[in-house]
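Okay, so here's the structure we're looking at.
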Amino acid sequence: MLNRRHIRVKVMQSIYAMHQHQGENLDKEEKFLFQSIDNMFDLYLLMLSALIEIREKEESYLEVASKKHLATKEERNPSKKFVDNKVLKLLSESRSLNNAIDDRKITNWKRNDDIVLFLLEAIKESVYFEKYMQNATENSFIEDREFIATLFTEVIAPNDKLYDYLEEHKLTWLDDLPAVNTLILKQLKHINEQDEDFTISKLYKDIDDKEYVKNLFRKTVLNEMELSKEYIDKTPNWDAERIAEIDTIILKMAICELLKFPSIPVKVTINEYLEIAKEYSTPKSSIFINGILDNLVKDFQKENRLNKAGRGLL
């Protein structure tokens with residue numbers, strides 16, 4: 001779930017927060033960083049649980065409507081095509097998914113069912129729902145899967161009310177949302193009829209990625225003065241105070257990777273931090289950072305300071 005670029009962004013944000021609050025307790029700030037990353041897994045489960053809750057709300061509505069004293073013919077014999085959607089049922093009956101939701105105490109939709117009802121209404125008003133329900137024949141698993149993937153992409157994920165709720169509940173989720181939604185969509189598209197359960201994604205790809213979070217954070221923070229000296233004389237036309245703070249953090253992290261992470265290729269480091277600069281800093285930052293890093297790499301190579309392990313890492 002968590003890729004290296006997202007890890008870099010999380011570390012960058014934590015270092016920036018430290019600067020803003022003048023935090024001096026490294027252990028406390030590191031704990032906050034890991035908590036921020038851990039919250040991403042809760043967001044992942046929350047978005048999946050929304051699909052389960054939407055189905056349950058519609059199922060409850062159909063049942064209540066059918067028992068009304070003056071129920072119409074359609075209400076007494078409603079179409080259950082949506083609640084019987086094979087992918088929705090697989091998610092609802094998934095032991096691993098429901099256990100994870102229970103273990104992490106993901107009860108947001110139980111306490112805020114108005115969001116679920118709003119999403120259900122948006123779904124039922126969509127052209128995708130209308131077209132799906134008008135087809136009287138039983139859908140294949142693939143058709144059911146494509147329908148849910150479309151609903152998630154076009155109706156649920158971009159919903160403004162859902163976005164506002166997530167922003168209000170946890171601000172850090174907004175940066176996590178695109179990655180989480182992309183992962184869920186990928187999983188939805190790859191569910192098979194033969195699957196007996198839904199496979200929960202792991203937060204970290206492996207133990208190395210979790211160690212990378214800690215090492216990148218600590219090595220950057222503990223060596224900030226040393227790392228800043230590497231680029232100060234490379235910016236003769238810029239006073240230190242004129243460089244955007246987020247740019248200085250990106251530079252320090254990139255230099256830290258170049259010098260203290262032998263297994264990460266130079267090109268990967270440069271490309272990753274340039275992309276982060278484009279997204280999180282000023283329009284000209286990536287050009288500025290690219291020029292500095294390019295000159296630093298040339299100097300590091302001349303001085304034999306790039307101790308990269310393995311072939312093709314330069």
Side-chain angles (χ1 to χ4, degrees), residues 2-20 22-24 26-27 29-30 33-34 37 204-314:
L2 194 66
N3 59 42
R4 286 288 176 102
R5 181 176 299 174
H6 210 73
I7 289 174
R8 290 178 175 98
V9 169
K10 288 288 189 184
V11 172
M12 177 194 72
Q13 291 171 335
S14 293
I15 295 174
Y16 182 80
M18 279 188 71
H19 288 187
Q20 296 302 302
Q22 297 182 339
E24 297 179 356
L26 188 64
D27 290 334
E29 297 295 340
E30 183 180 271
L33 166 61
F34 276 104
I37 291 173
Y204 295 97
K205 179 182 177 182
D206 49 40
I207 191 63
D208 288 344
D209 275 2
K210 191 169 185 178
E211 284 298 310
Y212 173 68
V213 175
K214 180 177 181 178
N215 289 334
L216 181 60
F217 178 72
R218 283 185 168 263
K219 288 182 179 181
T220 302
V221 171
L222 294 174
N223 296 282
E224 282 204 76
M225 291 298 294
E226 173 192 335
L227 295 169
S228 64
K229 291 177 182 177
E230 299 287 353
Y231 66 80
I232 289 300
D233 62 350
K234 297 292 188 297
T235 56
N237 298 322
W238 291 78
D239 294 329
E241 294 180 357
R242 289 181 60 200
I243 304 174
E245 185 171 6
I246 203 71
D247 290 353
T248 67
I249 294 171
I250 291 172
L251 280 170
K252 290 170 188 174
M253 289 174 64
I255 296 168
C256 183
E257 266 194 30
L258 289 170
L259 298 177
K260 301 179 185 296
F261 288 79
S263 65
I264 301 178
V266 170
K267 288 183 179 180
V268 169
T269 293
I270 293 176
N271 289 339
E272 286 293 292
Y273 285 105
L274 289 182
E275 289 302 315
I276 291 172
K278 289 177 184 177
E279 186 171 356
Y280 289 92
S281 194
T282 63
K284 295 181 179 180
S285 290
S286 61
I287 299 173
F288 169 67
I289 290 171
N290 185 45
I292 294 176
L293 292 180
D294 187 55
N295 288 330
L296 283 174
V297 167
K298 291 176 183 176
D299 289 346
F300 292 160
Q301 287 173 335
K302 291 177 183 177
E303 299 163 6
N304 286 325
R305 296 176 64 191
L306 290 178
N307 299 313
K308 298 294 183 179
R311 293 182 177 180
L313 293 182
L314 294 181

Pairwise side-chain contact, Lys308 with Val266, heavy-atom cut-off 4.5 Å (strictly under): yes
Contact check, side chains of Arg4 and Ile264, non-hydrogen atoms, under 4.5 Å: yes
Which atom of Ser14 lies closest to which atom of Phe217, heavy atoms considered: CB-CE1, 4.0 Å
Salt-bridge criterion met for Glu230 and Arg305 (N-O under 4.0 Å): yes
Minimum heavy-atom distance Ala254-Thr269, with the two atoms named: O-CG2, 3.6 Å
Approximate separation, where rounding is to 0.5 Å, of Ile207 CD1 and Tyr212 OH: 15.5 Å
Gap between atom CG of Leu251 and atom CZ of Phe288 - 0.5 Å precision: 6.0 Å
Non-hydrogen side-chain atoms of Ile270 and Lys267 separated by less than 4.5 Å: no
Closest non-hydrogen atom pair, Ile289 against Ala277: CD1-CB, 3.7 Å
Positive for side chain to side chain donor-acceptor pair (under 3.5 Å) with Glu257, one of Lys252, Arg8, Lys219: Arg8
Sub-4.5 Å side-chain heavy-atom contact between Leu227 and Glu224: no
Value rounded to 0.5 Å, distance of CD1 in Ile37 from NZ in Lys210: 9.5 Å
Separation between NZ of Lys298 and NZ of Lys302, rounded to the nearest 0.5 Å: 8.0 Å
Within-4.5 Å side-chain heavy-atom neighbours: Gln13 and Ile246: no
Taking every non-hydrogen atom, the tightest pair across Asp209 and Lys205: OD2-CB, 3.4 Å
Thr220 side chain near Ile15 side chain, heavy-atom distance below 4.5 Å: yes
Salt bridge (charged side-chain N to carboxylate O under 4.0 Å, His left out) partners of Glu211, counting only residues at least two apart: none
Contact summary for Asn304 and Asn307, nearest pair of heavy atoms: O-OD1, 3.6 Å
Tyr273 OH to Ile249 CD1 distance, which is reported to the nearest 0.5 Å: 11.5 Å
Ile276 side chain near Met253 side chain, heavy-atom distance below 4.5 Å: no
Carboxylate-amine/guanidinium contact Glu226 Lys229, below 4.0 Å: no
Flag side-chain contact, heavy atom, 4.5 Å: Gln20 against Tyr16: yes
Rounded distance (nearest 0.5 Å) linking atom CD1 of Ile255 with atom OH of Tyr231: 7.0 Å
